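These notes concern the structure reproduced below.
Predicted model only: the values in this text are computed from it and were never measured.
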Amino acid sequence: GAEQKKTLQAFERGSKCESCFPVGRSSEEHDMGEFIKALSPDAVFNDRSVIHPKEIDVYVPSKSCGFEYCGLYYHSDAAPEPKAKNYHLSKYVCSAEKGVDLVQFFNDEWKYKREICQSMIKHRLGVTPRRIAARSCKVKEVDWSIASEFFDRTHISGAVHAKCYLALYHGDEIVAMLSLKNPIQKRTYPNSVEIARFSTSIDTHVNGGLQRLLKHARSWALKQGYENIITYVDRRFGHGRGYEKVGFVRIGDTGISYEYTDCNLRYDRFKYRRRNGKSEREIASESGVCRVYGCGSWIYSLSLK
């Protein structure tokens, strides 16, 4: 149903329909856009009306949310025209000021963790297919082998070692999990324990799940002598409203974050920390990786006193 004007020369060159074969969009970005449009037919591609002159890759007016597909090469400092360090954060801020929630995926997430990304998109659009009440579930502490499998399958950042793993069981199935670890910045947050991961099963919304798990997390933390629970919310994915609803208070942010990439995957910057008289950038350069900047995270805290 789309119409575009073409010159005769364009037809001779084999120019195709720009709706079916969008210029400047990779096949994976196109796939993400089509997936969103199938869920929300009012989705608009390459919208510049909301945060003009900036562009939102896919904007869904009915849900006041937008989605970005960020190719690692063109969003890294190795690109011919590197993005500014605050590129992703600026889009987040501009969108938030217009009342639009912006979700920003890097292409390795869509490529290698597509099921998780799709589940996150459904949640943001309010079309998660399965809903479970947390009151019908039981909380159990589980070990690393069970936790790592669950988080690698359901969390966009995968599993990470922690001190405590609390699982929410619906019958024999784990439908949500929360883990607690010591903060890396212990001096900044003394007597605090950090929520390392929280996620639910793919395509599943557990109503009251975070609150239910947090109740047990508080009990565990108090027994261990902690006075606060802190957590970080990646601004590429959210604002932290879920944590605010259960009593957390925003206490600051991390500033702009960055990772390293070989343009296929991203790697933690601590992997390239300076050593043997070489700077971080020198070690990264020798390893054939470049920087890619994110939005940083909000920092939230919950007092246990």
- Are Ile156 and Tyr92 connected in a single hydrophobic cluster, I mean Ile/Leu/Val/Met/Phe/Trp/Tyr linked by side-chain heavy atoms less than 4.5 Å apart? no

- Message: So which atom in Cys290 and which in Ala78 form the shortest heavy-atom distance, rounded to 0.1 Å?
- Response: SG-CB, 3.6 Å

- Task: Locate the shortest heavy-atom distance separating Lys91 from Ile51; write the atom from each residue and the value.
- Result: CG-CD1, 4.4 Å

- Item | Residues Lys83 and Glu68 bridged, charged N to O under 4.0 Å | no

- Heavy-atom side-chain contact between Trp220 and Ile229 under 4.5 Å: no

- If you round to the nearest 0.5 Å, how far is CD of Glu259 from OH of Tyr267? 11.5 Å

- Message: Keeping Ser279 on the side-chain end and Glu282 on the backbone end, is there a donor-acceptor pair under 3.5 Å?
- Response: yes

- Within a strict 4.5 Å, meaning less than it, do heavy atoms of the Asp42 and Val60 side chains meet? yes

- Item | side-chain hydrogen bond (donor to acceptor under 3.5 Å, both in side chains) contacts touching residues 112-129 (sequence neighbours left out) | Tyr112-Asn264, Lys122-Asp203

- Would you say the side chains of Arg130 and Thr204 form a donor-acceptor pair under 3.5 Å? yes

- Answer yes or no: does atom OH of Tyr74 have more than 12 heavy-atom neighbours from other residues, nucleotides or ligands under 6.0 Å? no

- Message: Test side-chain contact (heavy atoms from CB on, under 4.5 Å) on Ile121 and Val103; report intermediate values, then the result.
- Response: CA-CA 8 Å; Ile121 291 171; Val103 178; 6.0 Å; no

- Message: Once ring pair (Phe, Tyr, Trp, His ring centres under 6.0 Å) is applied, do any residues pair with Phe248, and if so which ones, sequence neighbours excluded?
- Response: Tyr243

- Message: Can a donor-acceptor pair be found, under 3.5 Å and without considering hydrogens, that links the side chain of Ser219 to the backbone of Ala217?
- Response: no

- Task: Name the orientation class of the two ring planes belonging to Phe67 and Phe105 (parallel below 30°, tilted from 30 to 60°, perpendicular beyond 60°).
- Result: parallel

- Message: Check for me whether the distance between the ring centres of His239 and Trp298 falls short of 6.0 Å.
- Response: no

- Query: Any side-chain heavy atom of Lys85 within less than 4.5 Å of one from Tyr258?
  - Reply: no

- Item | Polar side-chain atom of Ser179 near backbone of Arg197 as donor-acceptor pair, under 3.5 Å | yes

- State whether the side chain of Lys37 and the backbone N or O of Ala43 hold a donor-acceptor pair below 3.5 Å, judged by distance alone. yes

- Message: Among Arg273, Arg275, Arg291, exactly one meets salt bridge (charged side-chain N to carboxylate O under 4.0 Å, His left out) together with Glu280. Which residue is that?
- Response: Arg291

- Mark yes when over 12 heavy atoms from residues, nucleotides or ligands other than Glu244 sit less than 6.0 Å from its CD; otherwise mark no. yes

- Hey, any chance Ile195 and Tyr189 share a hydrophobic cluster, counting ILVMFWY side chains that come within less than 4.5 Å of each other, even indirectly? no

- Note on the structure: Looking only at heavy atoms, the pair that brings Asp143 and Ser145 closest together is OD1-OG, 2.7 Å

- Message: Which residue is it: Thr154, Leu166, Leu210? I am looking for the one with a side chain to side chain contact (heavy atoms under 4.5 Å, CB included) to Phe198.
- Response: Leu210

- Query: Side-chain donor-acceptor pair under 3.5 Å between Asn107 and Tyr73, yes or no?
  - Reply: no

- Do Trp110 and Glu29 have side-chain heavy atoms sitting under 4.5 Å apart? no

- Where the side chain of Glu109 meets the backbone of Phe106, is there a donor-acceptor pair that is under 3.5 Å apart? yes

- Query: Closest heavy-atom contact between Ile256 and Gly294?
  - Reply: CG2-O, 3.7 Å

- Task: Just jot down the ring pair (Phe, Tyr, Trp, His ring centres under 6.0 Å) partners of Phe150, sequence neighbours excluded, or say none.
- Result: none

- Are Arg269 and Tyr260 side-chain neighbours, meaning at least one heavy-atom pair lies under 4.5 Å? yes

- Query: If Ile, Leu, Val, Met, Phe, Trp and Tyr residues are connected whenever their side-chain heavy atoms lie under 4.5 Å apart, and connections chain through other members, are Val127 and Val58 in the same group?
  - Reply: yes

- Item | Least distance between heavy atoms, Leu102 atom then Ser95 atom | CD2-OG, 3.6 Å

- Message: Are Asn228 and Ser303 packed together at the side-chain level, in the sense that at least one heavy-atom pair is separated by less than 4.5 angstrom?
- Response: yes

- Message: Can you see whether Glu28 engages Tyr69 through a side-chain donor-acceptor pair at a distance of less than 3.5 angstrom?
- Response: yes

- Are the side chains of Ser301 and Ile230 in touch, meaning some heavy atoms are under 4.5 Å apart? yes

- Item | Separation of Leu302 CG from Thr231 OG1 (nearest 0.5 Å) | 10.5 Å

- Message: Could you measure the distance from the CG atom of Asp31 to the NZ atom of Lys111? Nearest 0.5 Å is fine.
- Response: 12.5 Å

- Task: Any chance you could measure Leu180, atom CG, to Lys163, atom NZ, to the nearest 0.5 Å?
- Result: 10.0 Å

- Task: Measure from the side-chain N and O atoms of Ser297 to the backbone N and O of Thr254, and report whether any donor-acceptor pair falls under 3.5 Å.
- Result: no

- Message: Set out, in order, the CA-CA distance, both residues' side-chain angles and the distance that settles side-chain contact (heavy atoms from CB on, under 4.5 Å) for Tyr226 and Asn191, then state yes or no.
- Response: CA-CA 5 Å; Tyr226 295 107; Asn191 303 317; 5.6 Å; no

- In Å and rounded to the nearest 0.5 Å, what is the CZ to SG distance from Arg212 to Cys137? 7.0 Å

- Item | Side-chain touch Tyr272/Val289, heavy atoms, less than 4.5 angstrom | yes

- Note on the structure: Between His88 and Cys70, the two heavy atoms sitting closest are NE2-SG, 3.6 Å

- Taking atom CD1 of Ile36 and atom SG of Cys65, what is their separation to the nearest 0.5 Å? 8.0 Å

- Passes side-chain contact (heavy atoms from CB on, under 4.5 Å), Lys305 versus Glu227? Steps please. CA-CA 6 Å; Lys305 297 180 181 179; Glu227 297 178 0; 3.3 Å; yes

